[in-house]
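Not measured: the values here are computed from a predicted model. All ligand and atom numbering here is 1-based and tracks the order in the structure.
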Amino acid sequence: MIAARRPGVLITSVERDEQRATEAAKLFAGVLDVEILYGDWTRIYERGPYDLLVVDGGGNGKKTSPADPQRVLRAAGRIVIDDFTPMTQWPPLIGGQPDTARLAWLEHPALLSTEVQLAEDLATIIGTRRP
Ligand SMILES: C[S@@+](CC[C@H](N)C(=O)[O-])C[C@H]1O[C@@H](n2cnc3c(N)ncnc32)[C@H](O)[C@@H]1O
């Protein structure tokens, strides 16, 4: 993402593992407009609103509550939530029960969301904040 960004794009990453956050901060020290915040995912609320937010740790609605798209995204900003198994039915189920993590994103009133299958066993959800 850092290599592909346009000049002037600020990248913020939040990491709760202290050693990992420290190493990442060292790795990107001196790289313009990159900041690594140590702490829980909720620190994303200290920045933003974002044009693109990848919730790859907390805030994805699986083990933690979902991030609030209306707080974290600009209008038409996108949120990416990965590591789902591809959906095969509607409504989506997990263990015979409604898949609340997936539904939270696919049915969020502030988002237009879609699921994209990336591999036989892997899918990601991309939500775009409604204007
Ligand atoms: C799947 S890894 C991210 C990998 C990274 N995006 C990459 O492509 O290399 C998830 C990371 O999120 C961190 N993490 C998990 N839960 C978190 C939380 N609640 N708050 C902040 N970071 C969290 C983990 O420590 C881990 O480093």
Side-chain angles (χ1 to χ4, degrees):
M1 291 174 79
I2 290 168
R5 67 184 167 156
R6 289 186 184 154
V9 171
L10 170 66
I11 293 192
T12 299
S13 181
V14 179
E15 171 57 54
R16 74 172 174 188
D17 180 284
E18 187 172 11
Q19 189 180 357
R20 207 168 291 166
T22 302
E23 292 302 325
K26 274 193 225 160
L27 186 65
F28 297 115
V31 181
L32 207 61
D33 292 332
V34 175
E35 66 173 351
I36 311 293
L37 302 179
Y38 163 56
D40 185 62
W41 72 271
T42 49
R43 292 201 68 192
I44 64 173
Y45 292 115
E46 295 172 23
R47 302 287 189 273
Y50 305 94
D51 293 304
L52 174 65
L53 180 64
V54 180
V55 280
D56 202 15
N60 58 20
K62 295 176 186 172
K63 292 181 185 159
T64 62
S65 57
D68 178 356
Q70 287 171 294
R71 278 180 69 193
V72 290
L73 295 181
R74 285 187 210 284
R78 293 203 167 87
I79 188 162
V80 177
I81 312 98
D82 74 354
D83 286 337
F84 289 96
T85 52
M87 184 167 59
T88 55
Q89 64 192 83
W90 188 265
L93 301 178
I94 186 162
Q97 300 299 313
D99 186 344
T100 51
R102 196 184 307 251
L103 285 166
W105 299 112
L106 292 174
E107 297 198 312
H108 198 294
L111 296 174
L112 288 166
S113 298
T114 192
E115 182 176 301
V116 180
Q117 188 169 345
L118 302 175
E120 197 180 330
D121 59 350
L122 183 66
T124 196
I125 292 175
I126 302 170
T128 303
R129 189 181 159 189
R130 294 173 190 268

Ring pair (Phe, Tyr, Trp, His ring centres under 6.0 Å) with Phe28: which residues, sequence neighbours excluded?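 Residues passing ring pair (Phe, Tyr, Trp, His ring centres under 6.0 Å) with Phe28: none at all.
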Quick test of your reading of the model: are Arg20 and Glu23 salt-bridged, counting only N-O distances below 4.0 Å? no
Polar contact flag, side-chain donor to acceptor under 3.5 angstrom, Thr12-Arg47: no
Which protein residues have a heavy atom under 4.0 Å from ligand 1?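 Glu15, Arg16, Arg20, Gly39, Asp40, Trp41, Asp56, Gly57, Gly58.
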Over-ring placement of Arg74 relative to Tyr50, 6.0 Å and 45° cut-offs: no
Measuring from Gln117:CD to Phe84:CZ, what's the distance to the nearest 0.5 Å?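 These two atoms lie 13.5 Å from each other.
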Quick one: does Arg78's side chain have a donor or acceptor within less than 3.5 Å of a partner on Gly127's backbone? no
